[in-house]
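These notes concern the structure reproduced below.
Computed over heavy atoms, backbone and side chain alike; hydrogens, waters and symmetry mates excluded.
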Amino acid sequence: MAETLNVPTWNLDDVFPGFESEKYREAKVRIKAMLEKAKNYLANSSPPVGDAAFADWLWALLAELDQIEVLADTLSAYVYARFSTETKNPAVIAELNKIEELLVPATTVLVQFRNMLAQHEKQLKAAIASDARFAPYAFVLEEALFFQKHQMAPELEDLAADLGRSGADAWSRLQESILANTSAVWDEATGERKTMVELRNLAYDPDRAVREKAYRLELGIWKSVEMPVAAALNGVKGTVSTLNKRRGWESALEASLAQARISRATLDALIGAMEASLPMWRRYLKAKARLLGLERVAFYDLFGPVERPGAMLPTFQWNEARDFIVRQFGTFDPDMAAFAAHAFEHFWIDAKPREGKSGGAYCTHFPAARQPRVFCNYDGSFSSLGTIAHELGHAWHYETIKDLPMLLSQYPMTLAETASIFSETLVSNAAMAELDQSARLPLIEMHLQDACQVIVDILSRFYFEKAVFEERANGEITADRLCALMLDAQNRTYGDAMGPELKHPYMWAVKGHYYIPSLSFYNFPYAFGQLFGVGLYQIYKEQGSSFARRYRELLRATGSLPAVEVARKAGFDIETPDFWLRAMSTFEEDVRFLEDEAQKSARE
């Protein structure tokens, strides 16, 4: 279908014209020299005596480290962007390995920097207290001191990073490559095959028979490759557990909370609100089942559209998607709309599904070029449109902070989802007001469908990952056991709204987030972002267009403050259940609407 939609691939020439370009080769030479210089300097030098001299020394060091991170992040993002669209290309795979090897010393430099700060903590705190230059850095420098207490000796961190290239990182790439390069015969008569990405996209097909066929073919593929994918998950989680123990973390969750810049009180309040909302989401799923003429939904019905005669969800050619998103962004902030238009016009979005391309969607950025890029697999559906809006929200977030020093622009995964969810909400709500009234039912169902994934399915992923870390501590986990853990997590969340034999035991193999060695529990941040974004949208509806400036200021603070302080800037207390429950309650009206429609349908 992508061929008929005129879907583009991205252009990365503004970043680097290619692996053989002089610009790329020079960047590799430069980063190698910069890392070596910083590594030797931090190992063999000491700060000058005196508070003023120390402050000047630290300021110069921060500037140097900033330049290193700009170039390192750009190189890393570039090779991964190439890999995610060319997972079969041996030259790309080879270059990815070279960049990973080249950047190993960056870990050592970070460890040395933190150690240096810890050794001179008294002078550091004096500089923060007395020198205005460091006021914006206060939180991130204090955070560096905290993480210093959870790191190994420099030589061990260096070894861990080096071994990671052929260990956990390689396991992660294996899962991604399997997902990108497996396929199944779709039509026996013609021999037509569909890739895993294409099969998963068919979950949105209006024909239930098509959805079920795709689902069963997908399960068959996962069954055939379950051993290597299970080995990959064991490899990643085993490595993470070992390193966390060495670094003094009580658990992977403790480390994840620190990375997310939230307290355990915040997580408990969030998870508690998610659990309390499960009866509402099960009511939604039961209403959807009735509207589909079913007793209960199957996993392959979760994304199935609810149709009404003469009122189907619209589909979009690429140009239509561009115009729609730009227009809706413009209702909030003309600058945000202009930015989105620029992204479309300059081929910053790789949207065309193709063999060898990874599944899913993401936004990346290249600090040296001060540009983002969006990766997705566009199929013309309304859901696919929402994905673009989501990822462009990430891109707009980067646009608001790209002029800040790197140390002040590294926002945590919790706040990373805020701008994306806000953008999705903006587009879907504007669509509800703009499209024909007859489309209200399918649009509201689509809205609930997405939110259900972010609350119910995300909670199942949280339960699953927590159980995996607990069991992995006692040894490797078989594929059968991983399936059992996943089904248990889905039973706890979807409950009786979904048939026990119609869930998805291989979701552990599908989601690449489980396979990121440096980022465990990349699940609850989506729920955080969903509800936080909803809360921000409520403020926007109250304040109107004047909120756009405040919104940008809030996004700019995401890299230099803990999440609780960013939330306070918006007037929220995220360490108590009240905020999360209030945000969750915004879905109740739509659930009741769907229940009413299901009752009407039953009477007709």
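A salt bridge links Glu465 to Lys237: one of the charged nitrogens lies within less than 4.0 Å of a carboxylate oxygen. We find that Arg247 and Glu157 are joined by a salt bridge, their nearest charged nitrogen and carboxylate oxygen being less than 4.0 Å apart. One finds no salt bridge joining Arg327 and Asp323 here, because no Lys/Arg side-chain nitrogen approaches an Asp/Glu carboxylate oxygen to under 4.0 Å. With respect to the salt-bridge test (charged N to carboxylate O, under 4.0 angstrom), the residues Lys88 and Glu355 qualify.
Using a 4.5 Å heavy-atom threshold, the side chains of Glu424 and Asp450 count as touching.
For the 3.5 Å distance criterion, the side chains of Asp158 and Thr107 fail to qualify, holding no donor opposite an acceptor. Using modelled atom types, one finds no donor on one side chain facing an acceptor on the other under 3.5 Å when comparing His346 with Gln371. In this model, no donor atom of one side chain and acceptor atom of the other lie less than 3.5 Å apart for Gln175 and Trp171. Judged by distance alone, the side chains of Arg211 and Tyr215 never bring a donor and an acceptor atom under 3.5 Å apart. Counted by atom type alone, Asp480 and Thr478 present zero donor-acceptor pairs between their side chains at under 3.5 Å. No side-chain donor from either of Asn11 and Arg373 sits under 3.5 Å from a side-chain acceptor of the other. Between the side chains of Arg472 and Ser241, not a single donor N or O lies within less than 3.5 Å of an accepting N or O. In this model, a donor atom of one side chain and an acceptor atom of the other lie less than 3.5 Å apart for Glu95 and Tyr24. When only modelled atom types and interatomic distance are considered, Ser358 and Glu176 share a side-chain donor-acceptor pair under 3.5 Å. At a cut-off of 3.5 Å, with distance as the only test, no side-chain donor of Ser256 or Gln259 sits close to an acceptor on the other residue. In summary, the side chains of His390 and Ser423 do not present any donor paired with an acceptor at a separation below 3.5 Å, with no hydrogens or angles considered. The closest side-chain donor-acceptor pair between Asn523 and Tyr514, if any, does not fall under 3.5 angstrom.
Residues Phe339 and Trp396 place their aromatic rings such that the two centres sit under 6.0 Å apart. Ring pair Phe521/Phe469: centre-to-centre distance below 6.0 Å. Aromatic pair Tyr80/Tyr362: centroids less than 6.0 angstrom apart. Aromatic rings of Phe16 and Phe366 (six-membered ring for Trp) have centroids beyond the 6.0 Å cut-off, not under it. Aromatic rings from Phe462 and Tyr526 are positioned such that their centres are separated by 6.0 Å or more. For Phe324 and Phe316, the ring centers are positioned less than 6.0 Å apart.
The number of heavy-atom neighbours closer than 6.0 Å to CD of Glu192, taken from other residues, nucleotides and ligands shown, is above 12. Within a 6.0 Å sphere centred on NZ of Lys213, heavy atoms belonging to other residues, nucleotides or ligands number more than 12.
Each of Leu96, Thr74, Val92, Leu102 was scored for a side-chain contact (heavy atoms from CB on, under 4.5 Å) with Val79, with one residue passing: Leu96.
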Query raised in the report: When you look at Lys357 and Asp350, which way does the salt bridge (charged side-chain N to carboxylate O under 4.0 Å, His left out) test go after all the steps?
Result: CA-CA 10 Å; Lys357 181 179 178 180; Asp350 194 297; 2.8 Å; yes
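Distance check, rounded to the nearest 0.5 Å: CG of Leu179 to CZ of Arg200 gives 8.0 Å.
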